[in-house]
Amino acid sequence: MKILALTELISGFLGVILGAVIVMITNSLRVRYDERKRVQNRMLEHKVREIELLVLLNKKIRELLEKRVVMMDKYVSFDAFDDCYITIDDYVYLQSFAAQNSFYLPNHLLDEFFKKIATRKVVLSPEETVQFGAYAYKGGRMVLEDFSDEITELIYERKIQMRQLTDRPLAYFSKAL
């Protein structure tokens, strides 16, 4: 009788220990799964924000390219198709946009754009600059078009990355992201 009670006690104690181990393992798996899910969601949010900002930047560049048609009569043309005027406000907007969103935007691409466009800046008299309200860039149109094309390529790349991230299966036993 005593032996039977002792075996029941030991088997009950082993059952409790085994149950605790199972709960610890499943809890650990669930916490790891939730963490991977949270990381995946943050990466998706980051990609979406990055795409949104690239679209906004590309929209602004396209707007600058379209201004040429509207302001054609005010232009001092260096080359009939390559010259470009960027208003002072637009140039400041581009620089502040790049600075404020440097975490999401590819800095090397923006730095390269600002270097290329700065080397094409035409020195006009202050009166001419004020008259046009813009800086003149000889051959700047091609730089803006190339920059817009690069942004468009980046947008497509980010969309592909986002789709791959979304399609990646997430299971309890999968490896970390």
TODO: Please examine the side chains of I86 and I117, heavy atoms only from C-beta on, and report whether any two atoms are closer than 4.5 Å.
DONE: yes
Open item on the list: Please give the remaining members of the hydrophobic cluster of M24, linking ILVMFWY side chains under 4.5 Å, ordered by chain and number.
Closed with: none
Task: Atom pair CD (E157) and CD1 (I155), whose distance is rounded to the nearest 0.5 Å - done: 10.5 Å
- [ ] Quick one: closest heavy-atom pair of L144 and I61, and the distance?
- [x] O-CG2, 3.5 Å
TODO: Could you grab the distance from atom CG of L65 to atom CE of M142, nearest 0.5 Å is fine?
DONE: 10.5 Å
Open item on the list: If I take atom CG from residue L110 and atom NZ from residue K115, how far apart are they, to the nearest 0.5 angstrom?
Closed with: 12.0 Å
- [ ] Working to the nearest 0.5 Å, report the span between CG of L165 and CZ of R163.
- [x] 12.0 Å
TODO: Work out which heavy atom in A98 is nearest to a heavy atom in L105; give both atom names and the distance.
DONE: CA-CD1, 4.3 Å
- [ ] May I ask you to decide whether E45 forms a salt bridge with R49, counting only side-chain N to carboxylate O separations under 4.0 Å?
- [x] no
Task: Closest heavy-atom pair and its distance - I51, R158 - done: CG1-CB, 3.5 Å
Task: Steps toward side-chain contact (heavy atoms from CB on, under 4.5 Å) verdict (Y137, V143) - done: CA-CA 10 Å; Y137 297 94; V143 173; over 6 Å; no
TODO: Could I get the full list of ring-ring contact (aromatic ring centres under 6.0 Å, His included) partners for F103, not counting sequence neighbours?
DONE: H46
Open item on the list: For a salt bridge (Lys or Arg N to Asp or Glu O under 4.0 Å) check, start with the C-alpha distance between R62 and E66, then their side-chain angles and the critical distance, and finish with the verdict.
Closed with: CA-CA 6 Å; R62 287 290 173 193; E66 289 172 7; over 6 Å; no
Task: Backbone of K47 reached by a side-chain donor or acceptor of Q161 within 3.5 Å - done: no
- [ ] Report the C-alpha separation of R42 and V39 in whole Å, then their side-chain angles, then the decisive distance to 0.1 Å, and conclude whether the side-chain contact (heavy atoms from CB on, under 4.5 Å) test is met.
- [x] CA-CA 5 Å; R42 287 189 62 134; V39 166; 5.8 Å; no
TODO: Check for a donor-acceptor pair, side chain of S96 on one end and backbone N or O of V92 on the other, with a separation under 3.5 Å.
DONE: yes
Open item on the list: Closer than 4.0 angstrom, basic N to acidic O: yes or no for R141 and E145?
Closed with: yes
Open item on the list: If you define the side chain from C-beta out and look only at heavy atoms, does anything of L94 sit under 4.5 Å from D90?
Closed with: no
TODO: With N41 as reference, evaluate R38, M43, K37 under the side chain to side chain contact (heavy atoms under 4.5 Å, CB included) test and give the passing residue.
DONE: K37
Open item on the list: Rounded to the nearest 0.5 Å, what separates atom CG in L54 from atom NZ in K159?
Closed with: 10.5 Å
Task: Shortest non-hydrogen contact between V48 and M162, atoms and distance - done: CG2-SD, 3.4 Å
Open item on the list: Any non-hydrogen side-chain atom of L154 less than 4.5 Å from a side-chain atom of N58?
Closed with: no
- [ ] Would you kindly confirm whether L109 and Y156 end up in one hydrophobic cluster when ILVMFWY residues are joined by side chain heavy atoms under 4.5 Å apart?
- [x] no
Open item on the list: Does the plane of the ring in F147 sit parallel, tilted or perpendicular to the ring in F113? Use 30° and 60° as the thresholds.
Closed with: parallel
Task: Over-ring placement of K60 relative to Y93, 6.0 Å and 45° cut-offs - done: yes
Task: Carboxylate-amine/guanidinium contact D34 R30, below 4.0 Å - done: yes
Open item on the list: By the side chain to side chain donor-acceptor pair (under 3.5 Å) test, which pairs, at least two apart or in different chains, include something from residues 99-110?
Closed with: none
Open item on the list: Looking at every heavy atom in both R120 and G140, which two are closest together, and how far apart are they?
Closed with: CD-N, 4.1 Å
Task: Distance in Å, E52 CD paired with L57 CG, rounded so as to fall on 0.5 Å steps - done: 13.5 Å
Task: Within one Ile-Leu-Val-Met-Phe-Trp-Tyr cluster: I22 and V31, side-chain cutoff 4.5 Å - done: no
